Amino acid sequence: MPDFSLTEEQSSLREMARKFARTEMAPKAAECDRTPRFPEEVYRKAWELGLMNLNVPAEYGGSGLSALDQCLIVEELAYGCAGMTTSIIANCLALEPILLGGTEEQKRRFLPPFCAEYHLASFCLTEPAGGSDAGAISTRAKRHGDGYRLTGEKCFITNAPHASLYTVFATVDPELRHKGISAFVVPRSAPGVTPGKDEEKMGHRASSTSTVRFEEVEVPPSDRLGAEGDGFPIAMRTLDQTRTPIGALATGIAQAALDHAAAYSLKRHTFGKPISEHQAIQVKLADMATRVQASRLLTWSAAARIDRGEPGTLDSSIAKTFASDAAFAVADDAIQIHGGYGYMKEYPVEKLLRDAKLTQIYEGSNEIQRIVIARELLKRYA
Ligand code: CAA
C-alpha cells in the first residue's frame with residue numbers, strides 16, 4: 001500500500017494555498033460569479049505567492065513542483081473558487097507544450113518571462129468545428145519562406161483576452177490529420193492575432209474564455225515546438241499531465257459542497273430535530289464523503305505515477321473522469337440537502353454545481369476520457 005502521508009513541505013504548501021483560497025478567493029467568489037468579473041488582483045497575488053506556473057522547473061524561474069504538489073495546491077484553490085482556479089492554472093496548460101516539445105533555447109526564451117513577471121498564456125487547441133476531434137483541426141500553417149503563416153480560429157480558450165502568449169496547434173494539411181499538426185508559440189503582439197470577446201458562461205464565471213482568430217500570422221521556424229508534425233503527440237502528452245490537476249480541481253469543488261451540506265444539516269431543523277439526524281440525509285452525506293475521498297485518492301495516485309516518470313495517460317483520465325462526475329453528484333446532493341435554499345443564489349451550493357459541470361467537459365469531455373481509458377485498458381488484453 002503506498003504511503004500517502006505528506007511531507008512537511010507538502011503540508012505547508014497545502015496550508016499556504018488553503019489560506020490564499022479562503023482569504024483572497026472565497027470572499028470574492030460570489031461577486032465575480034454574479035457580475036461576472038475577471039479578478040486580476042487575485043491572479044496577480046497568486047502569481048506573487050508562486051501559485052501560478054506550478055509546473056515550470058526552478059531552473060526557468062518557476063515553482064518546479066511535482067504533480068502531487070500541484071494537485072494539493074489546485075484542490076485547495078478550487079475549494080475557494082473553481083473559476084478563479086481555472087484561470088490561475090491555465091498557464092500550466094499553456095506552457096506544458098513548451099516544456100515537453102521545446103528546445104533548451106526555446107525554454108530559456110519563453111518560460112522565464114512568465115516567472116519574472118505576471119503574464120498569462122493560453123493553450124489554443126480546440127476549434128469550433130473540430131471540438132473533441134483534436135486530429136481534425138483546420139487552422140492552417142502555410143509554409144512561407146523558412147517559416148509559416150497561421151490562419152484559423154480557436155474557441156473556448158481560457159484567459160485568451162488577457163494572455164500575452166499562445167501555444168497554438170495548426171496543420172500544414174488537414175488531409176494528413178494527426179500527422180500534419182505542429183505546435184507553435186505565438187505572441188499576442190504578432191500582427192493578425194485577435195482574441196474575441198468574453199463568452200457568457202454557466203459557471204467558472206471569474207475565468208475568461210474567448211475565441212482567438214489568427215489571420216496570416218507570421219511564425220518563424222524558431223517558434224515551432226518539436227519537428228513539423230509533432231504537434232498532436234505534444235498536445236496529447238500535455239493533456240496527460242494536466243488532466244490530473246483537473247481531478248484535483250473537481251475534488252476541491254466536491255469537498256466544498258460536502259462541507260457546506262454537512263454544516264447546514266447540523267443547524268437546519270425539521271420534524272423536531274436537526275436534519276443531520278435523519279437517515280435520508282446521513283446516507284447522502286456518507287455517499288458524498290466516499291466520493292470525495294475516492295476522488296482525492298485517484299488524483300493522488302495518478303499524480304504519483306506521473307512523478308515516478310511512468311505513462312500517465314490511463315490514470316489521469318480515470319482521475320479526471322471519476323472526480324468530475326463525483327463533483328457534479330456531490331454538488332447535486334449538497335443542493336438537495338439544502339432543499340429550496342440550495343436552489344437560491346443566496347447560498348453557495350448552486351454555484352458549485354454550475355462549476356462542477358465544466359470539469360466533466362473541459363480538457364477532454366468525459367466521453368473522450370472513457371475512450372482513452374478503454375483504449376489503454378484494452379492494450380493490456382491484446
Ligand atoms: N501521448 C502520445 N501520443 C499519443 C497519445 C498520448 N497520450 N494519444 C494519442 N497519441 C498518438 C497515437 O499514438 C497516434 O500516433 P500514430 O499516428 O503515430 O499511431 C496518434 O497520436 C493519433 O492517436 P489516435 O489514433 O488515438 O487519435 P484519435 O483521433 O482516434 O483520438 C483523442 C484521439 C484521444 C480522442 C483526442 O482527439 C483527444 O484527446 N480529444 C480531446 C481533446 C481535448 O482534450 N480537448 C480539450 C482542450 S483543452 C481545454 O479544454 C481548453 C481549456 O482552456 C480548459
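All values below come from the heavy atoms of this structure, side chains included, with hydrogens, waters and symmetry mates left out. Predicted model only: the values in this text are computed from it and were never measured. We count ligands from 1, going down the list as the structure has it; atoms in each ligand are counted the same way.
- Taking the six-membered ring where tryptophan is involved, the planes of Phe232 and His178 are perpendicular, since the angle between them exceeds 60° and thus also 30°.
- Proximity of atom 13 (O) of ligand 1 to the protein is not indicated, since no non-hydrogen protein atom lies closer than 4.0 angstrom.
- Screening residues 196-218 for ring-ring contact (aromatic ring centres under 6.0 Å, His included) gives His204-Tyr362 as the qualifying pairs, with residues at least two apart or on separate chains.
- Heavy-atom minimum distance, Ala289 versus Leu258: CA-CD2, 3.8 Å.
- Using a 4.0 Å cut-off between a side-chain N of Lys or Arg and a carboxylate O of Asp or Glu, Lys179 and Glu175 do not qualify as a salt bridge.
- Considering only non-hydrogen protein atoms, atom 50 (O) of ligand 1 sits nearest to Glu363 N, 2.7 Å.
- When hydrogens are left out, the protein atom nearest atom 33 (C) of ligand 1 is Phe232 CZ, 3.9 Å; that is the closest non-hydrogen contact.
- Here Thr158 has heavy atoms under 4.0 Å from ligand 1 in both its backbone and its side chain.
- Under 4.0 angstrom from ligand 1, there are no non-hydrogen atoms of Ile371.
- Lys28 and Glu31 are not joined by a salt bridge, as no carboxylate oxygen comes within less than 4.0 angstrom of a charged side-chain nitrogen.
- Of the candidates Ile361, Thr86, Val372, Val372 brings a heavy atom nearest to atom 34 (C) of ligand 1.
- For atom 7 (N) of ligand 1, a protein non-hydrogen atom is found at a distance below 4.0 Å.
- With respect to atom 46 (C) of ligand 1, the closest heavy atom belonging to the protein is Gly364 N, 3.4 Å.
- Contact annotation: for Arg243 versus ligand 1, heavy atoms closer than 4.0 Å belong to the side chain alone.
- Arg308 and Glu310 are joined by a salt bridge, as a carboxylate oxygen and a charged side-chain nitrogen come within less than 4.0 angstrom of each other.
- Remark: ligand 1 atoms within the under-4.0 Å shell around heavy atoms of Ile368 are 35 (C), 38 (C), 39 (O), 40 (N), 41 (C).
- Ring centroids of Phe123 and Tyr166 are separated by 6.0 Å or more, keeping the two rings apart.
- Set against the non-hydrogen atoms of Leu239, the atoms of ligand 1 under 4.0 Å away are 43 (C), 44 (O).
- Under 4.0 angstrom from ligand 1, there are no non-hydrogen atoms of Thr209.
- Defined by atom type and a distance below 3.5 Å, a donor-acceptor pair is missing between the side-chain atoms of Glu96 and Thr238.
- At least one test fails for Arg224 against the ring of Tyr148: distance under 6.0 Å to the centre or angle within 45° of the axis.
- Scanning all protein heavy atoms for the shortest distance to atom 51 (C) of ligand 1 gives Phe156 O, 4.1 Å.
- A salt bridge links Arg109 with Asp223; the closest basic N to acidic carboxylate O contact falls under 4.0 Å.
- Met236 CB, 3.4 Å is the protein heavy atom nearest to atom 5 (C) of ligand 1.
- Lys179 NZ, 2.8 Å is the protein heavy atom nearest to atom 17 (O) of ligand 1.
- Residue-ligand proximity, Asp240 to ligand 1, at heavy-atom distances under 4.0 Å covers atoms 1 (N), 6 (C), 7 (N).
- Residues Glu153 and Thr139 form no side-chain contact, since every pair of their non-hydrogen atoms from C-beta on lies 4.5 Å or further apart.
- Relative to atom 1 (N) of ligand 1, the option among Lys320, Arg237, Arg177, Glu367 with the closest non-hydrogen atom is Arg237.
- Selection from His204, Lys154, Glu376, Arg375 by nearest heavy atom to atom 26 (O) of ligand 1 gives Arg375.
- Remark: Lys357 qualifies as a cation-pi partner of Phe328 under the 6.0 Å distance and 45° angle criteria applied to the six-membered ring.
- A donor and an acceptor atom, one from each side chain of Ser87 and Ser207, are located under 3.5 Å apart.
- Looking at Ser132 against ligand 1, only its backbone comes within 4.0 Å, counting heavy atoms.
- Nearest non-hydrogen protein atom to atom 47 (C) of ligand 1 is Thr126 OG1, 3.5 Å.
- When distances from atom 38 (C) of ligand 1 to the protein are checked, a heavy atom turns up under 4.0 Å.
- Of the protein's non-hydrogen atoms, His178 NE2, 3.2 Å is the one closest to atom 27 (O) of ligand 1.
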